[in-house]
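The structure under discussion appears below in the form of structure tokens.
Remember, predicted model here, so these are calculated numbers, not experimental data.
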Amino acid sequence: MSPSMIDIRAPTSVDFGKLFLLGAIWGSSFLWIELALRDFGPLTIATGRLLIGALVLQSIAFATGQRLPRGPGIWRLLIIVSVLNAALPFFLINFGQARAGAGNTAILIGAGPFVALVMSHIYTGDDRITLMKTIGMMLGFAGVLSLVGVEAFVGDGAALIGQLAVVGAAVSYAASGLMTRWLAPIPVLVSAAWVLTLGTIYMVPISFLVENPLAVRPSLEGLGALLMLSLFATALAYMLRYQITREVGAVFMSQVAYLVPVFGVLWTWIFLGQEPSVSAYFALGLILAGIYVSRLRLRGEKSDVSSSSK
């Protein structure tokens with residue numbers, strides 16, 4: 001079976017709801033990563049969330065009778081996507097956040113939508129660069145920047161290395177998001193399960209060579225944080241990510257990067273009692289405006305996606 005890219009459609013209110021749900025889930029991941037880093041190394045965290053997430057999704061796929069279609073083309077694509085969409089960015093984000101901080105990481109992940117926009121324009125015929133998309137992306141990024149603040153970029157050489165690692169993760173996510181559309185013939189649950197499984201296979205030997213996770217004696221807090229990352233920010237989030245990307249495209253999906261830091265502030269307010277500042281509300285307004293504007297078209301401009309569902 002050879003993989004093929006199928007057309008995307010215009011996003012609906014349900015798609016926007018899924019995008020916000022994914023932003024809410026990933027918005028909590030920075031907190032869980034910060035807690036997990038107290039006990040585990042970045043490679044161990046990446047490996048653990050991949051392993052647990054893969055076991056959960058494979059169990060569900062097996063119980064529901066969903067199987068992976070045969071064919072070398074599908075396997076080659078899954079191998080590549082598992083590196084770019086799971087193993088590599090998981091490690092780079094953990095590595096980068098440990099050196100550059102959560103705020104810096106949130107800003108730099110915000111570069112992802114721009115990368116996705118350029119890649120989709122080059123490699124697809126139905127997810128193209130438009131003026132309104134570009135303006136929307138700029139508004140969204142301005143919102144993230146105003147929320148976290150440019151002072152997050154102040155740091156030493158270690159912080160710079162961390163920043164470059166996060167940029168690498170953003171590029172990796174953008175590339176894999178585009179390639180995910182070629183996995184459309186495979187059920188979402190199956191493709192997500194195998195991407196996480198293959199990512200685990202890559203990361204286990206590396207984590208043992210570099211960090212030796214069996215030597216770690218984690219606290220209950222650290223284990224709980226890793227479990228939350230695995231079940232929600234990995235297993236559930238990957239199913240949502242794949243479904244959104246397949247149906248409405250990588251550019252739309254990439255805008256979740258703007259929602260993640262907003263929800264990060266929201267969860268801090270709810271669970272830690274840290275009330276958002278005025279700049280947080282201003283940032284939210286910019287981000288929502290950016291997502292709205294990116295879906296607009298100028299008069300006479302044709303839609304580059306089908307309005308009908310697949």
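Taking a 6.0 Å sphere around CZ of F208, one finds it holds more than 12 heavy atoms contributed by other residues, nucleotides or ligands. Taking a 6.0 Å sphere around CG of L209, one finds it holds more than 12 heavy atoms contributed by other residues, nucleotides or ligands.
At least one donor-acceptor pair under 3.5 Å links the side chain of Y202 to the backbone N or O of I79. W194 places no side-chain N or O within 3.5 Å of a backbone atom of W75 that could act as its donor or acceptor partner. Proximity of a side-chain donor or acceptor of S82 to a complementary backbone N or O of L78 within less than 3.5 Å is detected. Not a single donor-acceptor pair under 3.5 Å links the side chain of T180 to the backbone N or O of Y242.
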Exercise. Step by step, would you call E247 with I8 a side chain to side chain contact (heavy atoms under 4.5 Å, CB included)?
Worked result: CA-CA 5 Å; E247 296 184 358; I8 59 174; over 6 Å; no
For this session: Assess whether side chain to side chain contact (heavy atoms under 4.5 Å, CB included) is satisfied between I206 and L43, documenting all intermediate values.
Result: CA-CA 8 Å; I206 298 174; L43 277 171; 4.0 Å; yes
Exercise. For S176 and R241, what are the C-alpha separation, side-chain angles and deciding distance, and is it a side chain to side chain contact (heavy atoms under 4.5 Å, CB included)?
Worked result: CA-CA 11 Å; S176 63; R241 178 190 182 95; 4.2 Å; yes
Exercise. Between M203 and L51, does a side chain to side chain contact (heavy atoms under 4.5 Å, CB included) hold up when you go through it step by step?
Worked result: CA-CA 9 Å; M203 294 300 292; L51 174 61; over 6 Å; no
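The side-chain heavy atoms of I291 and L259, taken from C-beta on, include a pair separated by under 4.5 Å. No side-chain heavy atom of F263 sits under 4.5 Å from any side-chain heavy atom of L21. Put simply, the side chain of I52 does not reach to within 4.5 Å of the side chain of T234, judged on heavy atoms. Using a 4.5 Å heavy-atom threshold, the side chains of L22 and M253 count as touching. Put simply, the side chain of Y258 does not reach to within 4.5 Å of the side chain of V262, judged on heavy atoms.
In plain terms, the two heavy atoms of F95 and A165 that are nearest each other are CD2-CB, 3.7 Å. Closest non-hydrogen pair, T47 versus V204, comes out as CG2-CG2, 3.7 Å. Heavy-atom minimum distance, G290 versus Q255: O-OE1, 4.0 Å. When all heavy atoms are compared, the tightest approach of I45 to L226 is O-CD1, 3.8 Å. Scanning all heavy atoms of the two residues, the minimum distance from F90 to A46 falls at CB-CB, 3.7 Å. Counting all heavy atoms, side chain and backbone alike, P89 lies closest to V83 at CD-O, 3.5 Å.
Expressed to the nearest 0.5 Å, how far OH of Y238 lies from CD1 of I25 amounts to 13.0 Å. To the nearest 0.5 Å, the span separating CZ on F40 from CG on L223 amounts to 4.5 Å. Separating the CE atom in M137 from the OG1 atom in T130 is a distance of 8.5 Å, to the nearest 0.5 Å. Between the CG atom in N85 and the CD1 atom in I80 there is a gap of 12.5 Å [rounded to 0.5 Å]. The CD1 atom of I244 sits 12.5 Å away from the CZ atom of R246 when rounded to the nearest 0.5 Å.
Between F252 and F16, the distance separating the two ring centers is shorter than 6.0 angstrom.
Under the side-chain contact (heavy atoms from CB on, under 4.5 Å) test applied with Y173, the options I93, L84, L88 reduce to a single match, I93.
Under the 4.5 Å side-chain heavy-atom criterion for grouping Ile, Leu, Val, Met, Phe, Trp and Tyr, F282 is connected to V293 within one hydrophobic cluster.
Judged by distance alone, the side chains of Q66 and T64 do bring a donor and an acceptor atom under 3.5 Å apart.
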